[in-house]
2 protein chains.
Amino acid sequence: MTGVSEIKRSLLSVHQFSEEQLSLFTDRVIFNSLKKKDLLIKENQVSDGIAFILTGSFRVFKKSNNKELTIKFFVENNWMADLESLLTQQPSKNYIEAIEDSEIASITLRDIHMLMDSHPCFRMLNGLLSDLTIPTSYIATISSKNPDERYKELLLKHPQWVNRFPQMLIASYLGMTPETLSRVRARMK
Amino acid sequence: MTGVSEIKRSLLSVHQFSEEQLSLFTDRVIFNSLKKKDLLIKENQVSDGIAFILTGSFRVFKKSNNKELTIKFFVENNWMADLESLLTQQPSKNYIEAIEDSEIASITLRDIHMLMDSHPCFRMLNGLLSDLTIPTSYIATISSKNPDERYKELLLKHPQWVNRFPQMLIASYLGMTPETLSRVRARMK
DNA sequence: GTGATTTCTTGATTGTAATCAAGTGCGACA
DNA sequence: TGTCGCACTTGATTACAATCAAGAAATCAC
């Protein structure tokens with residue numbers, strides 16, 4: 001009930017770690033609760049590790065002009081981080097916010113490096129990074145499809161998101177106004 | 001005149017490698033020439049390493065509908081790769097094309113892993129990855145600024161690109177038609 | 001160097017999503 | 001349970017970049 005087994009299962013999906021190695025890892029994680037709207041990362045803060053979502057959901061967003069632009073969603077049983085800030089160790093230009101009340105387990109970059117130094121197999125954790133990138137498909141969708149196509153694509157790729165997250169956030173993620181999203185949905189019945 | 005010293009200089013910018021370590025790395029690189037329009041990576045091909053650009057330039061693009069969408073430019077003295085394909089070892093959804101005749105030096109993922117296993121310091125090469133991501137700022141620009149602002153931003157961030165690359169490609173990168181870019185430029189004099 | 005092909009410019013028109021606005025509904029919270 | 005505030009819907013209008021088109025300029029191939 002602590003979440004340790006979920007973390008281990010996730011690690012096993014990238015590499016056949018031994019039970020001992022898994023424990024080396026989970027011994028270093030720190031558990032946290034966040035309430036809806038709490039921020040995990042604020043702009044100008046340096047990301048110091050990655051977090052596994054045990055329950056709940058998050059979004060990465062950016063302030064541009066003074067609009068919020070939602071770039072990515074994360075839900076339970078996935079790792080999350082601000083990849084840019086993590087890799088460069090420069091201040092983040094993004095925010096990560098809990099959409100729902102959430103439970104997470106974090107590990108610092110320093111601890112990951114220590115694990116990698118002592119056990120080369122932990123190098124395989126780099127495989128986790130791919131889920132943290134912004135996929136080129138997202139750019140393609142945003143910049144070359146119309147609102148109806150964008151929404152249809154989301155329904156195919158992430159049908160659960162549509163009912164789980166407020167439409168404002170979905171609209172923001174799809175690069176359209178809430179009004180437009182509302183009309184897209186009306187059109188589809 | 002082989003390019004080895006440029007590679008070493010680039011490696012030193014991420015970590016204080018010894019001369020011996022640098023040579024371990026450069027002993028493994030393979031040199032190649034590409035002509036304008038040659039492809040380094042095609043769609044559906046798995047990326048098997050990273051390449052350092054000695055001379056020339058490249059673009060990452062994607063086919064969507066049947067338009068080409070330019071996502072990133074790379075110029076000499078930088079590393080390039082299709083990060084998604086590299087991290088997931090899944091077929092690429094993108095193309096990498098030489099914009100000019102170019103010289104590159106490549107190293108395979110397998111060789112990088114070997115180096116990391118034998119010398120933990122090579123783990124620092126992960127720092128190179130940050131230049132390969134799609135920055136969130138790009139998304140913000142594309143999806144919340146008008147054509148004039150987008151072009152002005154490019155002039156600030158990458159003034160050299162504007163004269164070096166064909167306007168079609170610049171327009172494609174900025175998410176607008178060549179006609180629109182032409183008008184933006186006319187407007188700015 | 002000449003012709004051929006592609007890129008760039010400029011103009012006219014259109015389509016589409018943003019904006020502005022008002023009303024409805026629902027959920028959070030006291 | 002009631003009410004307050006925020007999210008969502010729907011309508012009318014506007015703004016802006018895409019599209020279509022044609023001509024000029026630049027680049028490429030032979």
Side-chain angles (χ1 to χ4, degrees), chain A residues 34-38 56-57 59 61 63-70 73 97-102 139-155 161-189, chain B residues 34-38 56-57 59 61 63-70 73 97-102 139-155 161-189:
Chain A
L34 289 96
K35 309 205 89 154
K36 185 172 173 173
K37 306 234 163 161
D38 281 353
S57 58
R59 69 184 179 117
F61 71 93
K63 293 192 181 173
S64 181
N65 303 350
N66 37 17
K67 312 223 105 192
E68 285 185 4
L69 199 69
T70 301
F73 292 112
E97 180 196 70
I99 300 176
E100 307 162 308
D101 293 350
S102 303
I139 314 268
T141 303
I142 290 295
S143 69
S144 75
K145 304 214 162 159
N146 66 35
D148 295 74
E149 291 172 321
R150 278 181 251 167
Y151 183 68
K152 259 184 225 153
E153 210 178 281
L154 186 68
L155 282 177
W161 290 5
V162 172
N163 297 311
R164 183 165 181 180
F165 304 138
Q167 279 180 222
M168 307 184 62
L169 299 187
I170 300 284
S172 165
Y173 177 74
L174 293 177
M176 63 186 74
T177 60
E179 292 96 322
T180 296
L181 177 58
S182 176
R183 280 183 255 261
V184 168
R185 287 164 55 91
R187 224 174 277 150
M188 285 184 69
K189 304 198 214 119
Chain B
L34 289 96
K35 308 205 92 155
K36 186 171 173 172
K37 305 234 165 162
D38 280 353
S57 58
R59 69 182 179 119
F61 71 93
K63 293 192 182 172
S64 180
N65 304 349
N66 38 17
K67 311 225 105 191
E68 286 185 4
L69 198 69
T70 300
F73 291 111
E97 180 195 73
I99 300 176
E100 306 162 307
D101 292 350
S102 303
I139 314 268
T141 303
I142 290 295
S143 68
S144 75
K145 304 215 162 159
N146 66 37
D148 297 73
E149 291 172 321
R150 277 180 252 167
Y151 183 68
K152 259 184 226 154
E153 210 178 281
L154 186 68
L155 281 179
W161 290 5
V162 171
N163 297 312
R164 183 165 181 180
F165 305 136
Q167 279 180 220
M168 309 185 62
L169 299 186
I170 299 284
S172 165
Y173 177 73
L174 293 177
M176 63 186 76
T177 61
E179 292 97 323
T180 295
L181 178 58
S182 175
R183 280 183 254 260
V184 168
R185 287 164 57 90
R187 224 175 277 150
M188 284 184 69
K189 302 194 215 123

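Chain identifiers are assigned alphabetically (A, B, ...) following the order of the sequence lines, protein sequences preceding nucleic acid strands; residue numbering begins at 1 within each chain.
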Heavy-atom side-chain proximity of A/Glu97 to A/Asp38 below 4.5 angstrom: no
Outermost DNA chain C nucleotides near chain B [under 4.0 Å, heavy atoms]: C/dT7 to C/dA12
Reading nucleotides 21-30 of chain D 5' to 3', which nucleotides get B (base under 4.0 Å from a protein heavy atom), which S (sugar-phosphate only), which -? -------S--
Give me the ring orientation class for A/Tyr173 and A/Trp161: parallel if the planes are under 30° apart, tilted from 30 to 60°, perpendicular past 60°. perpendicular
For A/Ser64 versus B/Ser144, what's the shortest heavy-atom pair and its separation? OG-OG, 3.0 Å
Nearest heavy-atom pair of B/Ala171 and B/Leu181: which atoms, and what distance? N-CD2, 3.7 Å
Does any residue of residues 166-177 of chain A have a heavy atom under 4.0 Å from DNA chain D, and if so, which ones, in number order? A/Pro166, A/Gln167, A/Met168
Could you check how far CG of B/Leu181 sits from C1' of D/dC16, rounded to whole Å? 16 Å
Restricting to non-hydrogen atoms, name the atom on B/Ile170 and the atom on B/Val162 that form the minimum distance, rounded to 0.1 Å. CD1-CA, 4.2 Å
Nearest-angstrom distance from the residue atom NZ of B/Lys145 to P of D/dA17: 14 Å
A/Tyr151: ring pair (Phe, Tyr, Trp, His ring centres under 6.0 Å) partners, not counting sequence neighbours: none
Nearest whole angstrom, please: distance from the C1' of D/dA18 to the CG of B/Leu69. 15 Å
Sequence-distant partners of B/Lys36, side chain to side chain contact (heavy atoms under 4.5 Å, CB included), two or more places apart: B/Asp101
Is B/Thr70 reaching over with its side chain to a backbone N or O of B/Phe61, donor-acceptor style, under 3.5 angstrom? no
Considering non-hydrogen atoms only, spot the tightest contact between A/Arg150 and A/Lys145 and give its length. NE-O, 2.9 Å
Can you check the B/Tyr151 OH to D/dA17 P distance for me, whole Å? 16 Å
Closer than 4.0 angstrom, basic N to acidic O: yes or no for B/Arg59 and B/Glu68? yes
Net bend of the helix from C/dG1-D/dC30 to C/dA30-D/dT1, end axes of five pairs each, nearest 10 degrees: 70°
Assign each of A/Thr180 and B/Pro178 to its nearest nucleotide of DNA chain C by heavy atoms, then name whichever residue's nucleotide is nearer the 5' end. B/Pro178
Donor-acceptor contact below 3.5 Å, side chain B/Ser102 vs main chain B/Glu100: yes
So which heavy atom on B/Ser143 is nearest to which on A/Ile142, and how close? CB-CG2, 4.0 Å
So do the side chains of A/Ser57 and A/Phe73 get within less than 4.5 Å of each other, counting heavy atoms only? no
